[in-house]
Amino acid sequence: MIYNQILIRLGDLTLKGKNQNVFLRRLFNLVYEKLEGLAVDIEIQHDRIYVQLNDEDVNKVIERINLISGISSYSLVVKCSTDLDDIKKTALSLMNEVVTKDVKFKCETKRADKSFPLHSLELTKAVSGYVLANNHLLHVDVHNPEITLHLELRRGQCYIYNTQIRAMGGFPVGVAGKGLLMLSGGIDSPVAGYYAMKQGIEIECIHFESTPLTSIESAQKVVDLVKVIAKYAPKNRIKLHMIPFKEIHMALLDNIPESYNITIMRRMMYRIAERLAKRRDCLCIINGESVGQVASQTLNSMNTINSVTNFPILRPLVTFDKCDIIDRSMKIGCYELSIKPFEDCCTVYVPKAPATQPKIEKAIAYEKSFDYETMIEEAVNNVNSITISADSNIDLTMYGLEVREVIPEILKENK
Ligand code: ATP
Ligand code: MG
């Protein structure tokens, strides 16, 4: 392969004003972290990053670049000197390697380095003339090219490339502060977490676990999902907070009319999430809700559920349809895990006819039937928190116990 570098372009820096430096520092740290362990050299400039490939497998490098939010695009490039003959020969070698059939061709020059003797147009003409004369598969078409040969002169070097590949985009994860992701074992919430990170929000996760009403496998699934999305996070790791939810879950089953069960369960979840979010310095709660998907996600339900908090709730998937969500879930490697058939607290004992138009007043009245304040306090105080990294191997099922007993064991072992 002829390429010896990857040129990385950053997001739109003009938008960041004074925060530009914070943005850049975050992004550069991410690039160093994600490319760690590869035999590449990284050179950082104001608004670009050059990755010298050395002998590293280019696909491995690209795979890692695709995990970095805040990168808008990248190109595989060949770097050569600014000697005109060298530029011509390198450009021709590149075209000879990538062109296998007749194609419409165009050449473009960017001359950031003004010390170069030829002007952009002169260089374009000289190089395209040479390349066209020596590769007969190329035919000039400046309006509708199938391939564009880019020449960029910068800092005494010439960078030559023919592709510009879109990267993850968004902002460097962490630049926007931290949010608490409500993570179930389903398809939606890990995808919501991905979009939050893509937009610069570092996440911690909260999961409401009802073992042994629900299986230990359902909790393991959540751990496995965190592991998958951790590859996008700073330092490749994410904190998961397991909230013991069994007591509240049972109180709901005992005291609340069936049709309001899920409505009130979700009000409890929001209350707990808000408390934990504040304790963990999170500035918002994030979840995988999408309008109309289930009874608890009608606009009426969302009103009644959301009314327990003023805390910002972000719903990155709110207008996505299921196909879009599944598409993304597959791309980020969560789908196969998410569809494993283990029930979590929202899917066991589901009411046959859940309320789709629940009323706030009714919800409040039903909630008076048990002392939820104390139970919430207790649940938050007994949270089990584990840090999960992309390469960790946490197997809860090995223990065959309730999650709240298993996690302290794991924490002890990892000490
Ligand atoms: P998902 O596919 O993410 O499970 P869903 O469409 O099945 O979502 P619900 O089960 O109603 O919808 O949950 C809506 C959102 O509430 C989820 O996306 C998630 O953010 C949050 N949530 C649901 N159950 C839990 C749980 N046990 N722990 C933490 N968050 C949860
Ligand atoms: Mg669910």
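Values below: all heavy atoms of this structure, side chains included; hydrogens, waters and symmetry mates excluded.
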Interatomic distance, [X] atom [atom1] to [Y] atom [atom2] [nearest 0.5 angstrom]:
X    : Y    : atom1 : atom2 : answer
I187 : L317 : CD1   : CG    : 11.0 Å
I256 : I264 : CD1   : CD1   : 4.0 Å
K106 : T124 : NZ    : OG1   : 10.0 Å
T304 : R266 : OG1   : CZ    : 12.5 Å
N306 : N310 : CG    : CG    : 9.0 Å
Q20  : L24  : CD    : CG    : 5.5 Å

Using side-chain hydrogen bond (donor to acceptor under 3.5 Å, both in side chains) as the criterion, point out the one residue from Q164, Q5, R9, H150 that pairs with S75. R9

Is the gap between the ring centers of Y161 and Y74 under 6.0 Å? no

[X] with [Y]: basic N within carboxylate O range, under 4.0 Å:
X    : Y    : answer
E289 : R315 : yes
E33  : K231 : no
R279 : E274 : no
E43  : R155 : yes
R271 : E367 : yes
R111 : E152 : no

Should [X] and [Y] count as side-chain neighbours, where that means a heavy-atom distance under 4.5 Å?
X    : Y    : result
P312 : I285 : no
I272 : I206 : yes
L153 : Q157 : no
Y3   : I160 : no

Given D224 and Q220, is the side-chain hydrogen bond (donor to acceptor under 3.5 Å, both in side chains) satisfied, shown in steps? CA-CA 6 Å; D224 294 341; Q220 178 66 38; 2.9 Å; yes

Smallest separation among heavy atoms of [X] and [Y], with atom names:
X    : Y    : value
F311 : C282 : CZ-O, 3.3 Å
M242 : L396 : CE-CD1, 4.4 Å
I8   : I65  : CD1-CD1, 3.8 Å
L314 : C284 : CD1-SG, 3.8 Å
I201 : G179 : CG2-N, 3.5 Å
E146 : K101 : OE2-NZ, 4.2 Å

With under 30° as parallel and over 60° as perpendicular, where do the rings of Y194 and Y232 fit, or are they tilted in between? perpendicular

Aromatic rings Y159 and Y50: how do their planes relate, parallel, tilted or perpendicular, breaks at 30° and 60°? parallel

E108 and T148: side-chain hydrogen bond (donor to acceptor under 3.5 Å, both in side chains), yes or no, with the steps? CA-CA 7 Å; E108 264 183 11; T148 302; 5.9 Å; no

Closer than 3.5 angstrom, by distance alone: can the side chain of [X] be matched with the main-chain N or O of [Y] as a donor-acceptor pair?
X    : Y    : result
D41  : Q52  : no
K221 : K340 : yes
K110 : L151 : no
N382 : E378 : yes
T298 : S301 : yes
D324 : F320 : no

Under a 3.5 Å cutoff, is there a donor and acceptor pairing between the side chains of [X] and [Y]?
X    : Y    : answer
N261 : Y366 : no
S189 : S184 : yes
T374 : D371 : yes
D102 : H139 : yes
R267 : Y372 : no

Are L180 and C205 close enough, and set up right, to give a side chain to side chain contact (heavy atoms under 4.5 Å, CB included), and what steps lead you there? CA-CA 6 Å; L180 185 64; C205 299; 5.9 Å; no

Pair R404, E402 - check salt bridge (Lys or Arg N to Asp or Glu O under 4.0 Å), show working. CA-CA 6 Å; R404 46 204 156 276; E402 295 185 18; 3.1 Å; yes

Using salt bridge (Lys or Arg N to Asp or Glu O under 4.0 Å), reason through K246 and E405 one step at a time and then give a plain yes or no. CA-CA 13 Å; K246 181 189 71 176; E405 289 166 34; over 6 Å; no

Reference residue I6; test side chain to side chain contact (heavy atoms under 4.5 Å, CB included); the match among I165, I62, V40: I62

Full working for salt bridge (Lys or Arg N to Asp or Glu O under 4.0 Å) between R280 and E204: CA-CA 9 Å; R280 298 294 311 160; E204 295 192 4; 2.8 Å; yes

Passes salt bridge (Lys or Arg N to Asp or Glu O under 4.0 Å), E409 versus K412? Steps please. CA-CA 5 Å; E409 279 294 309; K412 235 187 292 162; 3.2 Å; yes

Please report the C-alpha distance between D391 and N236 in whole Å, then the side-chain angles of each, then the deciding distance to 0.1 Å, and finally whether the side-chain hydrogen bond (donor to acceptor under 3.5 Å, both in side chains) criterion is met. CA-CA 8 Å; D391 57 5; N236 297 332; over 6 Å; no

